[in-house]
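Inspection log for the structure reproduced underneath, given as structure tokens.
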Protein chains: 2
Amino acid sequence: MTKPAEDTIAVRIARALAERIIAGTIEPGTRLRQDHIAEEFETSHVPVREAFRRLEAQGLAISEPRRGVRVASFDLSEVKEVAAMRAALEVLALRHAAPHLTAAILDKAEQARRDCDAATDVRAWEEANRRFHRTLVAPCGMKRLLATIDDLHAASARFLFSAWRSEWEARTDHDHRSILNALRNGDLETAVATLARHAQWIGERPVRTASGATRGAFAIVG
Amino acid sequence: MTKPAEDTIAVRIARALAERIIAGTIEPGTRLRQDHIAEEFETSHVPVREAFRRLEAQGLAISEPRRGVRVASFDLSEVKEVAAMRAALEVLALRHAAPHLTAAILDKAEQARRDCDAATDVRAWEEANRRFHRTLVAPCGMKRLLATIDDLHAASARFLFSAWRSEWEARTDHDHRSILNALRNGDLETAVATLARHAQWIGERPVRTASGATRGAFAIVG
DNA sequence: GCGATCAAAATTATCTATAATTTTGATCTT
DNA sequence: AAGATCAAAATTATAGATAATTTTGATCGC
């Protein structure tokens, strides 16, 4: 191991694979072969198997006994499901975070909002959007809730990158603005209602498939 | 391996340990030593480590790199957190399940409700209560959502057994009845509102600690 | 040529062994 | 006797090897 490993090797492998799956570098349905991955990361397969269990828990991979692990597939119904869960849980988190929101936190969110609107590629937008949402809900201090929301954001990002691979046009997100304004005015109910609607905003985009045909691709864009 | 292993050994170990942690057989904070557990299950420690990763994802254990795994501790704030998450997600699931609820499903829930009210010990009550909730939300067919709810129920059960160890007195749960009635009448909003309140019902009970003092123990009893 | 069948190859799941880290406990100092 | 120090023991994390299962691909029959 050339790196001064802070975390365990299994954690590093899990992170690296998660990144690839989210970015779409590895296609859904692809088999993750432990010996190949072990070789690539210059370890044995034991930490690789542990990494698989983490990916499985995040919903990024599915494992069938004796038949190995493959990158999880998804469809429109799962996109909707994740959007609905995000809406429900982020609303809950925001309600609990509200009493702890300070001017400094709202300023941080404001910066994230600006970065979001200024983003010229999908990766930058996703990062800023995630930061916006995270900043507002993190002060709730509920670890289990935040961890679940993080996993949902990972799933969201995957759907997004799958549909928008690279093209992206800058656009002003009025919901973000409304949420921030409402919070600044102490109007939690408006903020919560806007967020609930916002997180379920699903965009459609035509995507050329391998066979040359065009199909609709869906992703959460809120 | 004497058992006709359908699942992988790691899965069986994870289940067995989860049961013990939920039942309170292993105290919070206890270290889970992989070699000891491997010896007990007559395997090597490799599947044990994989089982640990599963327990970690469920929130039943926490792992510190190079310092092993221990049974997760919890406090009142986590009980509240799990209750709030359950309320939010079960409401979401019920809304999506509602269109698929049939008379047969409602009858199954009715049976679970009766078992609940008739339960004379805490384990029987927990099983029936979980069955009641599961029956009503399962028809939503949202796998990720249902899996998350299941994990929350496991946490709930743990809190409950920690506070109520064995004593339990039969009581009629009016919320269960109201939810079923509302669903039978097609009044989803009443059912949802009652469920939202119900899942956050937290009971307190005096518990004698190891030192002989008495403290309050809290658990979700809905 | 197309599908079924079976053997070889690849892959998963597990075990045993080893290196590295942390915990334990006994000793020494004050 | 209380605290610090250090070595031994226990434990975690990883590597390498093995058994069992699945997948692949070539052969055979129709």
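- His176(B) and His133(B) have perpendicular rings, their planes meeting at more than 60° on a 0 to 90° scale where under 30° would count as parallel.
- Atom CG of Asp35(B) and atom P of dA9(D) are 17 Å apart (whole Å).
- For the pair Val71(B) and Arg158(B), the minimum side-chain heavy-atom distance is below 4.5 Å.
- For Phe52(B) and Ser44(A), each mapped to the nucleotide of DNA chain D holding its nearest heavy atom, the one lying further toward the 5' end belongs to Phe52(B).
- Remark: P of dG16(D) and CD1 of Ile9(A) are 12 Å apart, rounded to the nearest angstrom.
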Problem - Pair Asp150(A)-Arg130(A), side chain to side chain contact (heavy atoms under 4.5 Å, CB included): steps then yes or no - result: CA-CA 9 Å; Asp150(A) 284 347; Arg130(A) 182 155 37 85; over 6 Å; no
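- Atom CZ in Arg53(B) sits about 11 Å away from atom P in dT12(D), given to the nearest Å.
- Comparing dT14(C), dT11(D), dA13(D) by their closest approach to the side chain of Arg33(B) singles out dT11(D).
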Find every protein N or O atom lying less than 3.5 Å from an N or O atom of nucleotides 19-25 of chain D, and list the pairs.
unit_1	atom_1	unit_2	atom_2	d
dT23(D)	OP1	Arg67(A)	NE	2.8
dT23(D)	OP1	Arg67(A)	NH2	2.6

Exercise for the section: Let me see the working for His36(B) and His45(B) under ring pair (Phe, Tyr, Trp, His ring centres under 6.0 Å), right down to the final yes or no. Expected result: CA-CA 9 Å; His36(B) 294 199; His45(B) 62 245; over 10 Å; no
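- No more than 12 heavy atoms of other residues, nucleotides or ligands shown are found within 6.0 angstrom of CD on Glu39(A).
- The nearest whole Å value for the distance from the CD atom in Glu50(B) to the P atom in dT12(D) is 16 Å.
- Below the 3.5 angstrom threshold, one finds no donor paired with an acceptor across the side chain of His45(A) and the base of dT14(D).
- For the OP1/OP2 pair of dT12(D) and a distance below 4.0 Å, the side-chain nitrogens and oxygens of Thr8(A) include no atom meeting the criterion.
- For the pair Phe41(B) CZ and dA13(C) C1', the computed distance is 18 Å after rounding to whole Å.
- For the pair Ile13(B) CD1 and dA13(C) P, the interatomic distance rounds to 14 Å; values are reported in whole Å.
- Here the side chain of Thr43(A) is nearest to one of dT14(C), dT12(D), dA15(D), namely dA15(D).
- Residue contacts shown for Ile37(B) are absent, as no nucleic acid heavy atom lies under 4.0 Å away.
- Counting heavy-atom neighbours within 6.0 Å of Arg131(B) CZ, excluding the residue itself, gives a total above 12.
- If you take CD of Glu39(A) and C1' of dG16(D), they are 14 Å apart, rounded to a whole angstrom.
- A donor-acceptor contact under 3.5 Å is not formed by the side chain of His36(B) with the base of dT11(D).
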Handout entry: Step-by-step side-chain hydrogen bond (donor to acceptor under 3.5 Å, both in side chains) determination, Asp107(B) to Gln111(B)
Key = CA-CA 6 Å; Asp107(B) 286 349; Gln111(B) 183 60 52; over 6 Å; no
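- Taking atom CG of Leu32(A) as the reference point, atom C1' of dA10(C) lies 16 Å away to the nearest angstrom.
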